[in-house]
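Some notes on the structure that comes next.
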Amino acid sequence: MLDETQLRQNGIRLTPQRRMILAAITSSQGHLTAEEILQRIVPLYPDMNISTVYRNLERLLELRLLAVTDLGGGSVRYEVVGEQRHHHLICSSCGSMVELRDDLLEGLRSSIMQECGFQTAIDHLALWGLCADCRKGGISTEGE
Ligand SMILES: [Zn+2]
Ligand SMILES: [Zn+2]
């Protein structure tokens with residue numbers, strides 16, 4: 001969760017609109033599309049429209065309070081970046097999705113830093129591949 005006091009210490013002040021966007025995402029377990037965010041805000045704030053949502057999403061991405069990730073399904077999804085980051089492994093064969101612990105990416109971050117002097121902002125990553133079951137051929141994809 002976002003700590004308002006900490007945000008203020010970092011000189012970040014959130015407008016009511018940005019606060020509403022963050023609340024819409026956290027109150028529904030994250031991973032919302034811009035359209036889904038709008039649907040959740042409109043009942044409370046009928047003046048909100050999709051371009052306002054996008055404009056505020058851009059700003060929240062710049063502040064790294066949000067991450068945008070392609071989790072499949074044709075549209076990107078927005079997730080709040082909290083203290084505890086998480087990532088996803090998505091199986092391109094059966095579509096299953098498992099959570100990946102952030103500390104498993106520490107090696108990648110430091111290798112990139114050493115090799116390229118580049119500090120990566122890996123806040124919410126989706127990696128595609130084959131899950132353990134599909135690798136073993138345990139799940140049939142016939143008839144799909
Ligand atoms: Zn996620
Ligand atoms: Zn699979």
Side-chain angles (χ1 to χ4, degrees), residues 1-45 48-113 115-116 118-144:
M1 273 307 292
L2 290 163
D3 183 343
E4 291 266 346
T5 322
Q6 217 179 313
L7 289 180
R8 246 175 284 129
Q9 278 167 359
N10 292 322
I12 297 171
R13 245 179 284 120
L14 292 175
T15 62
Q17 292 178 341
R18 285 174 201 153
R19 216 181 288 267
M20 264 187 275
I21 288 176
L22 292 172
I25 299 171
T26 48
S27 67
S28 50
Q29 299 179 318
H31 311 120
L32 297 186
T33 64
E35 290 287 346
E36 287 168 345
I37 292 167
L38 179 64
Q39 281 165 21
R40 279 166 176 76
I41 294 175
V42 160
L44 313 163
Y45 193 83
M48 192 70 107
N49 59 51
I50 196 68
S51 48
T52 317
V53 169
Y54 275 117
R55 207 168 48 238
N56 284 288
L57 286 172
E58 282 306 314
R59 185 68 187 124
L60 289 165
L61 288 170
E62 279 167 26
L63 293 168
R64 278 183 82 187
L65 296 176
L66 284 185
V68 60
T69 312
D70 184 357
L71 296 173
S75 40
V76 295
R77 292 183 174 272
Y78 296 85
E79 171 70 317
V80 173
V81 177
E83 296 273 288
Q84 201 66 56
R85 284 167 172 67
H86 73 272
H87 313 279
H88 298 273
L89 300 176
I90 308 170
C91 179
S92 45
S93 174
C94 70
S96 69
M97 183 157 86
V98 295
E99 215 167 282
L100 178 69
R101 291 200 328 264
D102 187 61
D103 59 284
L104 294 174
L105 295 179
E106 273 314 316
L108 179 65
R109 286 191 182 95
S110 52
S111 308
I112 293 174
M113 178 57 111
E115 199 67 32
C116 317
F118 188 89
Q119 188 180 3
T120 50
I122 309 175
D123 291 331
H124 187 239
L125 183 71
L127 292 170
W128 296 76
L130 279 182
C131 73
D133 283 338
C134 290
R135 269 181 43 236
K136 284 183 242 151
I139 290 175
S140 168
T141 52
E142 259 178 86
E144 273 191 12

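Worth knowing before you read on, the calculation uses all heavy atoms, side chains too, and leaves out hydrogens, waters and symmetry mates. Counting starts at 1 for both ligands and their atoms, in listed order.
The pair Asp103-Arg109 fails the salt-bridge criterion, with no side-chain N (NZ, NE, NH1 or NH2) lying under 4.0 Å from an Asp/Glu carboxylate O.
Within 6.0 Å of the CD atom in Gln84, the count of heavy atoms belonging to other residues, nucleotides or ligands does not exceed 12. Annotation for Glu99: atom CD counts as buried by contact number, over 12 foreign heavy atoms lying within 6.0 Å.
Taking the Zn ion (ligand 2) as the corner point, the angle from Cys134 atom SG to Cys91 atom SG is about 110° (rounded to 10 degrees). Rounding to 10 degrees, one finds that the Zn ion (ligand 2) sits at the corner of an angle of 110° between Cys94 SG and Cys131 SG. Between the NE2 atom of His124 and the NE2 atom of His86, the angle centred on the Zn ion (ligand 1) amounts to 110° when rounded to 10°.
No side-chain donor-acceptor contact under 3.5 Å links His87 and His124.
Between the Zn ion (ligand 1) and His31 there is an N/O/S contact shorter than 2.8 Å.
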